[in-house]
Amino acid sequence: CTVARTEEEACRSLQVNKDHIHNNVHPRCEGSSVSKQNDDVYDYLWDNNIALAEETLHADFLNHMQDCSLEAERYVKFLLQDIIYLQEVTVMLKEMTERVREPEDLRHFMTGRYMSYKNFTMSCLQQFSITEPSFITPTEPIQNYLSTYRAVMEKDPIFFSVALLPCSRLWPWLAQHLQTPESCAYYTWKKDNMHGDPEKHYRAILNRYLNTTEKVQKANLIFRTQMQNEQNFFTSS
Ligand SMILES: *[C@@H]1O[C@H](CO)[C@@H](O)[C@H](O)[C@H]1NC(C)=O
Ligand SMILES: *[C@@H]1O[C@H](CO)[C@@H](O)[C@H](O)[C@H]1NC(C)=O
């Protein structure tokens, strides 16, 4: 299991889909380095919280992954925690697909993310021969991360989309920035995560529905909290 989280990556680690992979690889802009219009909420959220991404990039876990000195056991623990994350977020997304009947584009978004998470989670569980993911005990950072998601579920559904974005955007960014050599076993993590394209799922929908200052501010708080949750996951790994 290669712990990649967006739709494209869902297929990437599966041998059956190897052919599909190469068609799917495309250059992806990182967003942060490109200046965009001020009214682009999708970029505003990222740019406004880029410091958290930069700090996360220098987490001890990722430093060791990059220079290939990470203990294998530490990586296994990280993978298991990520499986709990994937499993629980899939369950929440399923509920969101049942809850959001309209508007059409938001419903489509939820269904798409649900299918992507579901497929990827299933492939991870199969790969590790895990039939009962709930036997894995989540660590505190993952518990907190999932609690934030659950709290956001009670709000307007657009905020659930916001809550999903840090994971989708941060992982490809980290993978692109890590200088892991190809000869290192952890190069797989870089390779499998670096081509994610969150923009195509998130940009239009966030820009469309986060159309008041109040909503943007609320979105920024949720985005920041989830970026912090990601950081806590990496720094505790
Ligand atoms: C998930 O898998 C199903 C069945 O294998 C497939 O129809 C669907 O297109 C996949 N969805 C994604 C987002 O990969
Ligand atoms: C914001 O978007 C919603 C949904 O499309 C729309 O109903 C509302 O009128 C918009 N508000 C503003 C201030 O543009």
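In this chain, numbering begins with 1 at the start of the sequence shown. Atoms within each ligand, like the ligands themselves, are counted from 1 in listed order.
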Revision key, fill the gap. Phe160 meets the ring-ring contact (aromatic ring centres under 6.0 Å, His included) criterion, sequence neighbours left out, with Tyr149

Check [X] against [Y] and note the closest heavy-atom contact, atom names and distance.
| X | Y | value |
| --- | --- | --- |
| His58 | Asn63 | O-ND2, 3.2 Å |
| Leu174 | Ala53 | CD2-O, 4.1 Å |
| Ala175 | Lys190 | O-NZ, 2.8 Å |

Point to revise | Within-cutoff protein neighbour (heavy atom, under 4.0 Å) for atom 2 (O) of ligand 2 | key: yes

Point to revise | Contact bool for atom 14 (O) of ligand 2 (protein heavy atom, d < 4.0 Å) | key: yes

**Study point:** Closest to atom 10 (C) of ligand 2 (judged by heavy-atom distance), picking from Asp105, Leu106, Asn211
**Key:** Asn211

Practice item. Please confirm whether Lys215 comes within less than 3.5 Å of ligand 2 when only nitrogen or oxygen atoms on both sides are compared. Key: no

Revision key, fill the gap. Looking only at protein heavy atoms, what sits closest to atom 5 (O) of ligand 2 is Tyr209 CE2, 3.9 Å

**Study point:** Plane angle bin for Phe78 and Phe233 - parallel if under 30°, tilted between 30 and 60°, otherwise perpendicular
**Key:** parallel

